Participant: 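Structure provided below as structure tokens; questions to follow.
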Amino acid sequence: MSGCECKPGRAKPTIIRCGYECKPGAKRERDSAKPEAKGAAINNLLRCRSMLLDVHARIKETLKATIRSLWNIDPPEIALNQTPKIEMGELASPVCFELARALKKPPKAVAEALIAAAGRIETVRKMEVAGAGYINFYLDRAAVVRGGRVHATKTDAGKAIVEHTNINPNKSAHIGHLRNAAIGDTFVRVLRHSGRTVEVQNYIDNTGVQVADVIVGFKYLELKSLADVRALINDPNLRFDYYCWDLYAKVSGFYEASDPQHAKRGQTLKEMEEGNNETADMAELVAMTIVRYHLSTMARINVAYDLLPRESDILHLKFWEKAFGQLKERNAIFFEPEGKNKGCWVMRLETEGHDDDKIIVRSNGTVTYVGKDIAYQLWKLGLLDRDFLYQPFDGNRKVWATTSAGGSIEHPPFGRGNIVYNVIDVRQSYLQNVVHQGVLALGYEEQAKNSIHFSYEVVALSPACADQLGIELSAEDRKRPHVEVSGRKGQGVKADDLLDTLETEACKEVGTRNPDLSKADIDKIGHQIAVGALRYFLLKFTRNAIIAFDFREALNFDGETGPYLQYATVRGNNIVNKLRETEPDFDFNQAYRFLDDPKLPGMLDAADDIWELLYSASRLNEIAQQVVSSLEPASLAKYAFTLAQRFSLFYHRYRIMSEADPDRRLFYLLVVDYTRQALTSALDLMGIEVPQRM
RNA sequence: GCGCCCGUAGCUCAGCUGGAUAGAGCAUCGGACUUCGAAUCCGAGGGUCGGGAGUUCGACUCUCUCCGGGCGCACCA
């Protein structure tokens with residue numbers, strides 16, 4: 001196999017385009033296997049995506065080989081860092097500090113010896129000792145820019161399943177759900193960008209307690225029939241999901257006053273499970289109606305799904321019975337004959353003692369939520385000897401839903417994921433761990449390792465924001481950095497309300513800045529900006545940072561925001577548009593032919609600031625990889641912002657169109673086009689569009 | 001009680017598997033539009049990285065401990 005090789009003997013990557021050469025014999029370094037690093041498993045499957053990563057690999061290999069031959073010792077892992085300044089080279093390794101101790105020589109001397117013996121490394125222009133003993137690597141700038149145009153390689157590493165959104169279908173979506181979807185969807189886009197096959201699942205808990213509570217509200221609090229509910233749904237003057245939001249908040253009061261034992265909830269759940277009665281029909285109608293609202297809310301922020309697995313189908317198709325059998329057979333769970341869990345089937349968790357046993361099947365024989373989740377997880381991994389039936393959701397063949405009867409004979413292959421990511425907030429860590437243990441207890445070690453809880457922190461409200469929403473706060477609450485919201489109490493920021501506000505504000509701005517635009521154009525651009533602001537806002541925080549939601553911050557369009565990134569990209573596009581307008585005959589390929597111009601390297605070397613911009617733009621695939629292995633979409637957001645900052649700086653510092661020197665002008669145009677493409681891709685990975693104008 | 005997470009500039013947050021002088025945005029103050037549009041750019045002030053001990057050539061990063069905050073740990077989901 002020539003060119004790139006990812007995983008000899010297993011994966012057969014289809015090379016779409018490869019503009020640079022890998023040494024045929026060069027072994028690509030694998031990540032050392034760390035069982036505790038969840039993302040590590042797939043790193044090996046994602047090679048040859050980026051020319052810069054190939055350079056990293058070559059440097060590491062060369063240094064290791066040189067260390068071996070010079071001193072006859074086992075080389076340590078070679079760390080490669082960014083240098084503090086681009087003038088000091090692009091990459092730096094502190095490895096000589098470590099070697100110095102083993103060799104009992106000063107780090108600088110070690111570095112000098114290493115550099116002298118290493119010889120030439122492809123794409124590395126020079127190596128230099130720096131600081132107290134770093135080795136700094138100066139890359140061949142022109143080669144990096146040429147290689148940076150390499151496009152995605154399709155890998156054949158099997159299917160990744162990403163489960164996200166998963167909103168209880170009993171009320172409208174809120175800001176917390178938007179964070180889940182933004183993180184999940186961005187991760188999906190990054191995986192696909194990396195050449196992975198991805199299936200997106202949005203689990204529908206249509207037979208759960210939350211749906212039951214709303215049904216209790218309709219039936220016993222509002223005394224509504226199925227026909228009444230249907231009339232509500234068809235009423236064009238009200239939003240049914242908003243209606244349920246309020247109703248759900250009232251139900252807790254109803255339980256307190258009229259049904260403290262929650263008998264009505266139990267009865268409703270039972271009727272829902274049995275089916276073929278008005279309660280079940282009402283639950284089905286309510287849940288699926290709200291699912292449609294959720295899908296349209298998510299569509300507004302460019303989030304879509306491949307499959308909607310429904311809990312009712314897991315029930316009706318007896319997934320649990322199958323899983324139960326497997327769990328019993330492998331002694332993964334056992335019957336508790338005595339004690340506080342008498343009569344239950346429990347799973348013993350890793351910790352000592354019986355106190356931590358997790359009940360999977362209750363003494364009355366019903367299965368808990370975790371039990372069903374284990375069955376679902378097993379199905380996702382292709383380990384459950386049973387499958388759903390499928391049909392297009394509302395006749396749309398882009399989104400499929402599971403079903404228990406009928407279904408399409410022909411449907412895409414669902415499930416059987418090689419790796420499964422569950423995007424679920426951190427509060428469910430305990431339960432996700434139980435699911436993980438379940439898979440492990442069945443003996444599926446590899447699959448358990450590939451069952452990943454992609455956890456993230458919640459969205460709370462800043463006290464000021466809670467105040468604004470009319471939520472009552474204690475004096476203590478006011479001092480806190482954030483206040484948790486409660487859907488049960490009807491508190492929180494509804495997703496569509498927030499989007500509406502953002503769109504209104506954005507349209508206002510667009511209108512004042514572009515008085516000549518039509519209403520339709522303003523609306524379109526306003527929408528794109530609103531989505532950009534929202535998605536960037538939700539992505540810029542790292543996963544385990546609690547977002548204290550604040551309207552002032554979320555509605556901001558200046559500084560580190562989505563619109564800033566969009567604006568930078570639009571400016572780049574404007575230059576290209578302007579050129580097409582003023583010089584219709586201009587051949588844009590000229591700029592790319594300049595890649596092979598002998599004057600290019602000199603120009604790149606002469607302008608560190610421009611090179612820093614181009615180098616930054618070249619790192620997109622590297623960053624995408626980082627997101628996959630670290631499960632941290634925020635690093636993509638930060639990267640994109642830095643790139644936009646550098647472009648803005650360049651834009652300000654250089655006049656492109658009016659540049660008199662023709663070569664220089666071509667060079668600048670190349671920089672603009674190269675960068676705007678990287679920015680556009682980075683934004684696309686975050687689900688953010690680039691408006692035509694701003 | 002057990003477990004997980006957090007504490008970095010006035011505020012909100014970055015800081016890659018330990019590495020060079022700890023960075024952004026917002027806010028404040030002061031500058032830059034006759035140009036590819038200022039949703040931009042430049043400059044200024046602002047830090048005992050919660051406290052202490054340890055490991056290391058080197059600690060915001062790792063270990064221990066204390067302080068302060070958040071969240072989990074149901075025959076709920």
Side-chain angles (χ1 to χ4, degrees), chain A residues 31-32 34 37 77 79-85 88 92-95 97-98 100-101 106-107 130-134 136 168 205 208-210 212 262 265 340-344 346 351 355-356 358-364 366 368-370 372-373 425-431 433 455 457-458 460 462 480-482 484 506 509-510 513-514 529 540-542 544-548 550 552-553 556-561 563-564 566-568 570-572 574-579 582 623 626 629-630 632 634-635 637-638 641-642 645 648-649 651-658 668 672 693-694:
Chain A
D31 283 8
S32 55
K34 283 188 205 158
E77 276 308 304
L80 284 179
N81 306 316
Q82 303 301 127
T83 56
K85 281 181 182 170
M88 303 166 82
S93 181
V95 71
F97 296 113
E98 199 176 336
R101 190 175 40 223
Y134 290 93
N136 285 6
N168 268 301
D205 186 5
V209 168
Q210 293 211 23
H262 293 74
R265 174 193 282 170
K340 64 167 189 169
N341 294 338
K342 185 178 175 185
C344 299
V346 302
T351 42
D355 284 355
D356 292 324
K358 180 68 193 169
I359 290 163
I360 306 296
V361 180
R362 302 183 188 99
S363 56
N364 67 4
T366 57
T368 59
Y369 168 77
V370 208
K372 284 179 270 188
D373 217 21
D425 80 58
V426 68
R427 291 174 304 186
Q428 297 223 39
S429 294
Y430 170 70
L431 290 173
N433 188 35
S455 80
E457 264 292 355
V458 296
S462 72
R480 291 186 181 168
H482 42 75
E484 206 181 344
E509 288 290 320
V510 176
R513 288 159 202 269
N514 306 279
I529 291 172
K540 73 172 178 179
F541 300 95
T542 49
N544 47 13
I546 297 174
I547 297 181
D550 186 86
R552 206 185 64 229
E553 257 186 84
N556 188 18
F557 298 152
D558 300 329
E560 196 198 333
T561 66
Y564 175 93
Q566 291 172 312
Y567 186 62
V570 167
R571 285 173 132 186
N574 282 348
I575 294 174
V576 174
N577 293 339
K578 183 87 179 177
L579 183 70
T582 53
I623 303 299
Q626 218 177 79
S629 57
S630 64
E632 186 51 88
S635 49
K638 294 285 174 192
F641 175 62
T642 307
Q645 271 185 317
S648 295
L649 183 60
Y651 181 93
H652 233 266
R653 205 175 271 178
Y654 296 88
R655 294 278 99 89
I656 292 108
M657 297 295 286
S658 54
Y668 292 161
V672 169
R693 286 172 59 178
M694 275 182 80

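Just so we're clear, the structure is a prediction, and the values are computed from it rather than from any experiment.
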Participant: Counting the atoms with a prime plus P, OP1 and OP2 as sugar-phosphate, which does A/Glu553 contact under 4.0 Å by heavy atoms, base, sugar-phosphate, or nothing?
Facilitator: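 The residue A/Glu553 makes sugar-phosphate contact but no base contact.
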
Participant: Please determine whether any donor N or O and acceptor N or O are separated by less than 3.5 Å between the side chain of A/Thr368 and the base of B/rC75.
Facilitator: no

Participant: Using the side chain to side chain contact (heavy atoms under 4.5 Å, CB included) rule, take A/Lys358 and A/Leu431 through it: C-alpha gap first, then chi angles, then the decisive distance, then the call.
Facilitator: CA-CA 9 Å; A/Lys358 180 68 193 169; A/Leu431 290 173; 4.1 Å; yes

Participant: Under 4.0 Å between any heavy atoms, over every strand shown, what does A/Val426 touch: base, sugar-phosphate, or nothing? Just pick one.
Facilitator: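 A/Val426: no heavy atom of the nucleic acid under 4.0 Å.
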
Participant: Taking atom P of B/rC75 as reference, at what distance in whole Å does atom CD1 of A/Ile360 sit?
Facilitator: 11 Å

Participant: Measure the distance from CZ on A/Arg427 to C1' on B/rC6 and round it to the nearest whole Å.
Facilitator: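 Rounding to the nearest Å, CZ of A/Arg427 and C1' of B/rC6 are 16 Å apart.
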
Participant: Just name whichever nucleotide pairs with B/rC4, Watson-Crick or G-U, keeping both distances under 3.5 Å, else none.
Facilitator: B/rG70

Participant: Measure NZ/A/Lys638 against C1'/B/rC13 and give the value in whole Å, please.
Facilitator: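 Nearest whole value for this atom pair: 6 Å.
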
Participant: Tell me which of A/Val95 and A/Lys358 sits closer to the 5' end of RNA chain B, going by the nucleotide each one is nearest to.
Facilitator: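 With A/Val95 and A/Lys358 compared, the 5'-side residue is A/Val95.
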
Participant: Work out how far the C1' atom of B/rC75 is from that of B/rC71, and round it to whole angstrom.
Facilitator: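 About 24 Å, rounded to a whole number of Å.
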
Participant: Which atoms form the tightest heavy-atom contact between A/Ser648 and A/Tyr564, and what is the distance?
Facilitator: OG-OH, 3.3 Å

Participant: Distance check needed: B/rA27 P versus A/Glu560 CD, whole Å only.
Facilitator: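 The distance from CD of A/Glu560 to P of B/rA27 comes to 14 Å, rounded to the nearest Å.
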
Participant: Would the distance check show the side chain of A/Asn433 and the main-chain N or O of A/Ser429 forming a donor-acceptor pair, the cut-off being under 3.5 Å?
Facilitator: no

Participant: What distance, rounded to whole Å, do you find between the two P atoms, one in B/rU35 and one in B/rG30?
Facilitator: 26 Å

Participant: Taking pairing as Watson-Crick or G-U wobble with both contacts under 3.5 Å, can you name the mate of B/rC26, or confirm there isn't one?
Facilitator: B/rG10

Participant: Looking at A/Gln82, does any N or O in its side chain come under 4.0 Å of the phosphate oxygens OP1/OP2 on B/rG15?
Facilitator: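 It does not, given that no N or O in the side chain of A/Gln82 lies less than 4.0 Å from OP1 or OP2 of B/rG15.
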
Participant: Base, sugar-phosphate alone, or nothing: which one does A/Lys372 contact when heavy atoms must sit under 4.0 Å apart?
Facilitator: nothing

Participant: If pairing requires Watson-Crick or G-U wobble contacts with both distances under 3.5 Å, which nucleotide is the partner of B/rG47?
Facilitator: none

Participant: Keeping A/Asn136 on the side-chain end and A/Met88 on the backbone end, is there a donor-acceptor pair under 3.5 Å?
Facilitator: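 Yes, because the side chain of A/Asn136 sits within donor-acceptor range (under 3.5 Å) of the backbone of A/Met88.
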
Participant: Calculate the interatomic distance between A/Ile623 atom CD1 and B/rC16 atom P; express it in whole Å.
Facilitator: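 Rounding to the nearest Å, CD1 of A/Ile623 and P of B/rC16 are 13 Å apart.
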
Participant: How do A/Leu649 and A/Val209 order along RNA chain B: which one's closest nucleotide is nearer the 5' end?
Facilitator: A/Leu649

Participant: Would you sort out whether A/Met694 and A/Arg513 count as a side chain to side chain contact (heavy atoms under 4.5 Å, CB included), showing the intermediate values?
Facilitator: CA-CA 7 Å; A/Met694 275 182 80; A/Arg513 288 159 202 269; over 6 Å; no

Participant: Indicate, with a heavy-atom threshold strictly under 4.0 Å, whether A/Asn433 touches base, sugar-phosphate, or nothing.
Facilitator: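 It contacts nothing in the nucleic acid.
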
Participant: Give me the distance, rounded to whole Å, that separates B/rA44 from B/rG23 when you measure between the P atoms they each carry.
Facilitator: 13 Å

Participant: With P as the reference atom in both, quote the distance from B/rC49 to B/rC62 in angstrom, rounded to an integer.
Facilitator: 16 Å

Participant: Give the C-alpha distance, both sets of side-chain angles, the deciding distance and a yes or no for side chain to side chain contact (heavy atoms under 4.5 Å, CB included) between A/Ile547 and A/His482.
Facilitator: CA-CA 8 Å; A/Ile547 297 181; A/His482 42 75; over 6 Å; no

Participant: Please work out if A/Asn577 contacts a base, only the sugar-phosphate, or nothing of the nucleic acid, heavy-atom cut-off 4.0 Å.
Facilitator: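 A/Asn577: no heavy atom of the nucleic acid under 4.0 Å.
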
Participant: Sticking with atom P, work out how far B/rC66 lies from B/rU21, rounded to a whole angstrom.
Facilitator: 34 Å

Participant: Using the C1' atom on both, measure B/rC36 against B/rU17 and round to a whole Å.
Facilitator: 43 Å

Participant: So A/Ile529 and A/Gln566, do their side chains get closer than 4.5 Å, heavy atoms only?
Facilitator: yes

Participant: Could you state the NZ-P distance from A/Lys540 to B/rC26, rounded to the nearest angstrom?
Facilitator: 9 Å

Participant: Tell which nucleotide pairs with B/rA39, taking only Watson-Crick or G-U wobble pairs whose two distances are both under 3.5 angstrom.
Facilitator: none

Participant: Could you check whether A/Ala568 gets within reach of a base, just the sugar-phosphate, or nothing at all, counting any heavy atom under 4.0 Å?
Facilitator: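 Touches nothing.
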
Participant: Counting the atoms with a prime plus P, OP1 and OP2 as sugar-phosphate, which does A/Glu632 contact under 4.0 Å by heavy atoms, base, sugar-phosphate, or nothing?
Facilitator: nothing

Participant: Can you tell me how far P of B/rC13 sits from CG of A/Asp550, to the nearest Å?
Facilitator: 11 Å

Participant: Nearest to the side chain of A/Phe541 - B/rA74, B/rU12, B/rC16?
Facilitator: B/rU12

Participant: For B/rU12 and B/rA39, measure between their P atoms and round to the nearest Å.
Facilitator: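 Taking atom P in both B/rU12 and B/rA39, they lie 28 Å apart.
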
Participant: Check A/Glu457 with A/Arg427, please: is the shortest side-chain N to carboxylate O separation under 4.0 Å?
Facilitator: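 No.
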
Participant: Please classify the nucleic acid contact of A/Ala634 as base, sugar-phosphate, or nothing, using heavy-atom distances under 4.0 Å.
Facilitator: nothing

Participant: Distance check, C1' atoms only: B/rG68 and B/rA59, in whole angstrom units.
Facilitator: 22 Å

Participant: Does the A/Ser93 side chain pair with the main chain of A/Ala79, one donor and one acceptor, at a distance under 3.5 Å?
Facilitator: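 Looks like yes, one N/O pair under 3.5 Å.
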
Participant: Using a 4.0 Å heavy-atom cut-off, write out nucleotides 34-40 of chain B from 5' to 3' as B (base contacted by protein), S (sugar-phosphate only) or - (no contact).
Facilitator: -BBBSBB

Participant: Under 4.0 angstrom, heavy atoms only, what part of the nucleic acid is A/Ser429 near: base, sugar-phosphate, or nothing?
Facilitator: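 Answer is nothing: A/Ser429 stays at 4.0 Å or more from every strand.
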
Participant: Counting side-chain heavy atoms from C-beta on, which of B/rC13, B/rU17, B/rA77 comes nearest to A/Ala545?
Facilitator: B/rC13

Participant: Treating A/Thr368 as the side-chain partner and A/Ile360 as the backbone partner, does any N or O pair qualify as donor plus acceptor under 3.5 Å?
Facilitator: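 A pair under 3.5 Å: yes.
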
Participant: Need the pair for B/rU61. Rule: Watson-Crick or G-U wobble, both distances under 3.5 Å, any strand; none if unpaired.
Facilitator: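 For B/rU61, the partner nucleotide comes out as none, under the 3.5 Å rule.
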
Participant: Against A/Val672, only a single residue in A/Ile575, A/Asn574, A/Leu579 fulfils side-chain contact (heavy atoms from CB on, under 4.5 Å); can you say which?
Facilitator: A/Ile575

Participant: Using whole Å, what does the distance between atom P of nucleotide B/rU12 and atom CG of A/Asn544 come to?
Facilitator: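 Spelled out: CG on A/Asn544 to P on B/rU12 is 17 Å.
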
Participant: Among B/rC75, B/rG72, B/rC57, which is the nearest nucleotide to the side chain of A/Arg101?
Facilitator: B/rC57

Participant: When we call it a touch if two heavy atoms are under 4.0 Å apart, what does A/Glu484 touch: a base, just sugar-phosphate, or nothing?
Facilitator: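 Result for A/Glu484 = sugar-phosphate.
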
Participant: Contact class for A/Leu431 vs. all strands (heavy atom < 4.0 Å): base, sugar-phosphate, or nothing?
Facilitator: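 Touches a base.
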
Participant: Could you check B/rC49 for me: syn (within 90° of 0) or anti?
Facilitator: anti

